[in-house]
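Comments concern the structure below.
All values below were derived from every heavy atom in this structure, side-chain atoms included, with hydrogens, water molecules and symmetry-related copies excluded. Computed from a prediction, not measured in an experiment: that's the story for all the values here. Residue numbers start from 1 in every chain, and the chains themselves are labelled A, B, ... in the order their sequence lines are given, proteins ahead of strands.
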2 protein chains.
Amino acid sequence: MTNGARSLQAALWAHTMSHFEDADTEETVTCLKVTVYHPSQLQSGVFQSIRFYSREKLPSSEVVRFGRNPGVCQYTFQDRQASRVQFCLQLFKKPDSSVLSFEIKNMSKRSRLLVGGRELGYLNKADLPHRCLVRFGQYQLLMEQEDGESLEFFETQFTLSPSSLLQENNGFPQSPIPEYGGYSPCSTHGTSPTEMDENES
Amino acid sequence: MTNGARSLQAALWAHTMSHFEDADTEETVTCLKVTVYHPSQLQSGVFQSIRFYSREKLPSSEVVRFGRNPGVCQYTFQDRQASRVQFCLQLFKKPDSSVLSFEIKNMSKRSRLLVGGRELGYLNKADLPHRCLVRFGQYQLLMEQEDGESLEFFETQFTLSPSSLLQENNGFPQSPIPEYGGYSPCSTHGTSPTEMDENES
């Protein structure tokens, strides 16, 4: 490196440090870490639209929709058996809390949503615990919340699990898994899986 | 009326009746009746974007936003002191209920929202009672819910009140009205009423 290059580098470093020292203290941001699993994820590519590992920053006023329709859903399942909007997440603040919380609402008329041990029907909602397994059909989504200071923004980060989240020794019941009529693709709904779903958008 | 006109009319009537008799039984629809009042509504036209009296049908999946920004709000207040999004309403279904319920969430960082006797800060939410006075700043909105059978749709209907909803003998406390720092246009926020609001969309 020449002397000129060295002094340029030193000047750039000094400039960067002065900006770093003057900048506002950066707020930490609430992050929802979502680990997903579907038994045919490798063959069918149900999660191929989801960008794994990178964090995405969203405004806390956003309603985050999960489902088949990419026109209205931020995170899509490429699967004819998924509802156009399967469920949505929203941020809110509990009365005496300084951090954000998540609410989950089942938007599917066809599938029940299992949130922890609780079953949600169409338009039923629940507050999401800090660590919670969400299930519908053959989908498993482990949702884990990391608290942050910001009330304006939050982040999401997706991870693909190579194996079922029920088979690991991770604190979730392995068996018996309750049978849900509308869940299995082999159920009576199987003959026309999207029929009852036609009016959803 | 000629004989020809008469038989045409009879044929049309028979046709209409046969369609009427064959049609599916029409579901009743949940309606949210909103009676609004602002002390300077006549001079300032804060409600001039709202279509009064006609019912509007909306899908139950819709997040209904009230505020200053017509790009994101279904119902707008033409008022520089209103937040871009002041609050939002959403439909949900209680676990053992067959009808829809409303949730209200304060989306304003600047103004508190008074829902009945309860005060909501930024991102705080509450289930809306069947009859409830909602207030922020000088705005008064009496919300009354009429239950319906449909889970797919609901309706809204707005009425303009000629007088304060607090001054009538309608079951709401007339006085004392608590003083809320962020509420009055004459408060300390008054020097720059939209400043804290800049990041809202």
From B:Phe92 atom CZ to A:Met107 atom CE, the distance as rounded to the nearest 0.5 Å: 13.0 Å

Nearest-0.5 Å distance that lies between atom CZ in A:Arg84 and atom OG in B:Ser61: 11.5 Å

Let's test your reading of the structure: which of A:Glu103, A:Lys94, A:Arg118 forms the most heavy-atom pairs below 4.5 Å with chain B? A:Glu103

Is there a side-chain contact between B:Lys109 and A:Glu152 in this structure, where contact means two heavy atoms from C-beta onward sitting under 4.5 Å apart? yes

Are the side chains of B:Gln90 and A:Lys105 in contact, using a 4.5 Å heavy-atom criterion? yes

Inter-chain contacts: residues 48-55 of chain A against chain B, heavy atoms under 4.5 Å: none

Do you know which of B:Leu151, B:Leu120, B:Leu100 has the most heavy-atom pairs with chain A at a distance under 4.5 angstrom? B:Leu151

Of all heavy-atom pairs linking A:Leu123 and B:Ser60, the shortest is CD1-OG, 3.8 Å

Take a 6.0 Å sphere around CD of B:Glu26 and say whether it holds more than 12 heavy atoms from other residues, nucleotides or ligands. no

